[in-house]
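Presented below is the structure to which this report refers.
Note on naming: letters A, B, ... go to the chains in the order of the sequence lines (proteins, then strands), and numbering restarts at 1 for each one.
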Protein chains: 2
Amino acid sequence: MDYVFSDKMNALAPSAIREILKATSQPGIIPFAAGNPAPEAFPTDAVREISARLLRDRPVDCLQYGVTEGYAPLRERVKADIETRLGIGTAADDLIITSGAMQVMDLATKVLCNEGDTIICESPSFIGSLNTFRSYGVRLRGVPMQADGMDVDALEHALQTEPNVRFIYTIPNFQNPTGITMSLAKRRRVLELARQHNVLVLEDNPYGELCYDGDVLPCIKSFDEEGRVIYAGSFSKILSPGMRVGYALAAQPIIAKMTVGKQASDVHTTMWAQLVVDEWLQHDDVAAHVRKICEIYTAKRDTMCNGLAGTALCYQVPAGGLFLWCDLLPNIDMLDLTKRAIAAGVAVVPGSAFAVQADDKINAVRLNFSTPTDEQLVQGVAILRGVACSFS
Amino acid sequence: MDYVFSDKMNALAPSAIREILKATSQPGIIPFAAGNPAPEAFPTDAVREISARLLRDRPVDCLQYGVTEGYAPLRERVKADIETRLGIGTAADDLIITSGAMQVMDLATKVLCNEGDTIICESPSFIGSLNTFRSYGVRLRGVPMQADGMDVDALEHALQTEPNVRFIYTIPNFQNPTGITMSLAKRRRVLELARQHNVLVLEDNPYGELCYDGDVLPCIKSFDEEGRVIYAGSFSKILSPGMRVGYALAAQPIIAKMTVGKQASDVHTTMWAQLVVDEWLQHDDVAAHVRKICEIYTAKRDTMCNGLAGTALCYQVPAGGLFLWCDLLPNIDMLDLTKRAIAAGVAVVPGSAFAVQADDKINAVRLNFSTPTDEQLVQGVAILRGVACSFS
C-alpha cells in the first residue's frame with residue numbers, strides 16, 4: 001500500500017543529517033552528539049525513597065487519572081518557587097504542567113499558529129523545537145546569533161517585514177546549540193520589540209540552573225508586566241529527563257487554551273512523575289543538588305575545552321549548559337569532519353542540523369560534554385584533535 | 001492584552017456542555033459522569049514491588065532519556081502479546097509506545113490529515129477523540145450507531161460522497177458512549193468498504209479486555225493483510241490510566257511517521273511507566289488480574305442496570321466496558337434531566353457531549369459504573385429513579 005501523509009509531516013522528512021545522527025547511536029561510539037544528563041547527576045536515592053513512600057501511602061493517586069493542567073500542589077509549588085527564585089509570574093499568570101518542556105513548544109504552536117504563520121527564532125537553534133514548529137506547517141524566520149545573543153537589529157527588520165508573526169522563540173541562557181547567553185540589554189530589547197510589533201515571546205529556559213561562571217541574568221519573563229511572554233521550564237536537566245515533566249507559565253487565557261490543547265494530546269502528564277517531582281521539591285535539598293551537578297559539569301566542560309584548545313575547532317567557553325559550539329576553520333568541511341570523527345569513534349553533530357533554513361551557511365559542530373564519562377571525554381578529545389589535524 | 005488563537009483551537013471553545021461537566025466534579029457528588037477505573041481495580045501491590053525493584057537495580061534506565069518509539073523490550077513484548085491473544089500484527093507492521101491511547105489519535109491525525117480533510121466516525125462517539133480530531137482543523141462526518149455497530153450503508157454513502165476522507169474512526173468493543181459492540185459481519189464490511197474507497201481505519205480498543213458476557217469478537221485489525229488498519233491499544237483500563245501508556249500497531253511507514261510526530265510532541269513516554277508496564281506483563285498474572293477486574297465491573301454494571309430497570313431511562317445492557325447509555329423517553333429533556341440529577345447529587349453526562357455535529361438529535365445520558373463505590377451506585381441509582389419520576 002502507498003500511504004499519503006499530511007503536508008506538514010512531509011516537510012519533516014528524514015534528512016541526510018538525520019542519517020548521520022543515526023550512526024552516532026552505535027554502541028561503543030563516544031557520545032559527544034547527545035544531550036543526556038550524566039548518570040551520576042541523577043538524585044537516584046531521593047527518587048527511590050520518595051517513590052516508595054508514595055506507592056505505599058498514596059498508590060491510587062499515582063495510578064488514577066489526573067486533571068489536564070497538572071497536579072494542583074505541584075503547580076502551586078512551582079509557581080511559588082519560580083516567583084521566589086526568578087522573580088517571574090504575576091497574579092494574571094497561570095501554570096500548566098507538561099510532558100517535558102518540548103510539549104510547551106508543541107502546545108504554544110498549536111494554540112497560537114495557523115498554517116503559514118511565522119515564528120521568528122534564533123539561527124541556529126534547537127532542532128527539536130524547530131521540528132515541533134515545522135510540524136504545524138508554520139514558516140520559520142531565523143535571526144543570526146551574536147556573541148551576546150540574537151542580533152536585535154535583524155530581529156527588528158524581521159518584525160517589520162515578515163507577515164503574520166505569532167511569536168519570537170529564544171533560549172536566552174546557554175543556548176542550544178551555541179552555548180551563547182543573551183545580554184541583559186538584549187533581553188529588554190527583545191521584549192520591547194515584541195511589544196512594539198504586538199507579538200508574543202516564547203522563552204525556553206531548560207539550562208538556566210546549569211550556570212558555571214558568574215550569575216544567571218534575569219529572565220525576559222521577569223520584565224513582562226502585560227502577559228506577553230510564555231515561559232517554558234523543565235525538570236529534565238536538574239532531576240530527570242526520563243520522567244518528562246516540564247511546565248509553562250503564561251497569561252491565564254493562554255494557559256487555558258493550552259490546557260484544552262493538552263487534553264487533546266495526552267490528557268495529562270504521568271501522575272507518578274508529577275507526584276515525585278512535587279515531593280522532591282519539598283523534601284530534598286534541591287539547591288545543594290544543583291550545586292553538585294554544576295560541579296560535575298564544570299569539570300567536564302573544562303576537560304573538553306582544555307583538550308581542544310589551539311585546534312581548528314574554535315569555541316567560546318560556554319558559561320553554562322551542556323554544549324560546546326565549535327566553528328571550523330574554512331579548510332575543514334563540517335560534514336567531512338563529522339564523518340571522519342564517527343569513523344574514528346566519536347559522535348558529533350554537524351552544525352547544519354540546527355539550521356533554520358536548509359541553505360543557512362554553517363560550518364561548525366556541536367559537542368556535548370554531559371553525556372560522556374570523564375574517561376570518554378579525555379579519549380574523545382584526543383581523537384578529535386587527531387581528526388582536526390588530518391585536514392591540514 | 002488580547003490574545004489571538006489559532007482557528008483550529010477556536011473551534012474547541014468551551015461549550016455549555018463543558019460548563020455542565022465542570023459541575024460534575026464538585027466534591028460530594030456521586031460520580032456517574034467520569035470514566036475512571038475503580039480504585040480497587042489497580043494492581044497496587046504489583047506496581048509497588050516492581051517499581052522498588054526497578055529503582056533499586058536500574059534507576060538510571062528509569063530516569064534517563066529514552067528513544068521516541070518506546071522502550072524496545074516493551075515494544076516486542078506487546079507485539080508478541082497482541083499477536084498471540086488477538087491475532088493481530090504482520091511482519092510488515094510495527095509498534096510505537098504512546099503517552100496513553102489518546103496520543104495515538106493525536107499522532108494519527110497529525111501524520112495523515114491536512115486541515116479540511118475528513119474523518120468519518122461513529123455518531124455519537126468518544127468526546128476526547130472527537131476533540132483531538134477537531135484540534136487539527138479536520139471535518140468530522142458522523143455515521144449513526146445501530147444496535148450492532150455503525151450503520152454500514154450510511155458509511156458507504158459517506159465514503160461515496162465525502163471528499164478527502166483520510167480514515168474511519170471506530171471503537172468496535174463496548175463503544176464509548178453507547179456501550180455497543182460491532183458485529184463480526186460489520187467488522188468485515190467496514191474493512192471492505194475502507195479498501196474499496198482506499199481510506200484507512202483507526203480501530204480504538206481501550207475496553208476490549210473488559211468483557212463481561214460472551215466472547216470478544218475478532219479485531220478489525222485481525223482481518224487486515226495490507227496495512228490498512230491502525231490499531232490503538234491502552235493499559236489505562238487494565239493497569240493504570242495515570243501512567244499514560246498506550247500503543248499503536250500499524251504498517252511500518254505509518255509508525256515511522258508517527259515516531260517523527262511524537263518526537264515533536266513529547267520526545268518519548270515516561271520511562272518509569274514503560275519499564276513498570278514491561279515488568280508487569282512479564283511477572284504478574286495479567287489474565288488473573290483482568291478476570292478480577294471484570295468480576296468487579298460485572299457486579300457494578302448489574303447493580304446499575306437492575307436499579308434502573310423499568311424507569312424512563314432506557315438502556316441495552318452493555319456486554320463490557322464502563323458505560324451505560326440511556327435513551328430518554330420523549331417527555332424528558334436531556335439537559336433538564338442532567339441539571340436535576342446534578343442538583344440531586346448525581347453527576348451524569350448529557351448525550352449531546354458526544355455529538356459529532358452540534359445539531360445531532362440526541363436525547364440520552366451516559367452513565368459510568370466503574371468509578372462509583374458500591375454504596376454510591378445504590379444511592380445514585382435511587383436518586384436517578386426519583387429524578388426520572390419527577391418528569392411524569
Heavy atoms only, distances under 4.5 angstrom: which of [options] has the most pairs with chain A? Name it, please.
options: B:Gly66, B:Ala52, B:Cys113; result: B:Cys113
options: B:Met271, B:Arg48, B:Met102, B:Gln64; result: B:Gln64
options: B:Gly227, B:Ser99, B:Pro39; result: B:Gly227

[X] side chain to [Y] main-chain N or O, any donor-acceptor pair under 3.5 Å?
X: B:Asn368; Y: B:Ala33; value: no
X: A:Thr98; Y: A:Gly246; value: yes
X: A:Arg228; Y: A:Val199; value: yes
X: A:Ser125; Y: A:Cys121; value: no
X: A:Thr118; Y: A:Pro163; value: yes
X: A:Asn114; Y: A:Asp117; value: no

Between chain B and each of [options], count heavy-atom pairs under 4.5 Å; write down the option with the most.
options: A:Leu239, A:Leu112, A:Thr44; result: A:Leu112
options: A:Asp106, A:Thr109, A:Leu107, A:Leu54; result: A:Asp106
options: A:Gln103, A:Glu115, A:Gln274; result: A:Glu115
options: A:Leu63, A:Thr132, A:Thr270; result: A:Leu63
options: A:Arg134, A:Glu226, A:Met105; result: A:Glu226
options: A:Asp61, A:Val104, A:Val60; result: A:Val60

Handout entry: Distance in Å, B:Phe126 CZ paired with B:Asn131 CG, rounded so as to fall on 0.5 Å steps
Key = 9.0 Å
Under 4.5 Å from a heavy atom of chain B, the part of [X] involved:
X: A:Gln263; answer: backbone
X: A:Tyr3; answer: side chain
X: A:Asn198; answer: side chain

Tell me, side chain or backbone of [X] under 4.5 Å from chain A's heavy atoms, or both, or neither?
X: B:Tyr65; result: both
X: B:Ser236; result: side chain
X: B:Phe133; result: neither
X: B:Arg166; result: side chain
X: B:Leu130; result: neither

Practice task
Look at the aromatic rings of B:Phe235 and B:Tyr247 and report parallel, tilted or perpendicular, splitting at 30° and 60°.
Solution key: tilted
Practice task
May I ask you to say whether A:Glu69 pairs ionically with A:Lys262, meaning some side-chain N is under 4.0 Å from a carboxylate O?
Solution key: no
Problem - Residue pair A:Arg53 / A:Leu275, side-chain heavy-atom distance below 4.5 Å - result: no
Handout entry: Within-4.5 Å side-chain heavy-atom neighbours: B:Lys110 and B:Ser265
Key = yes
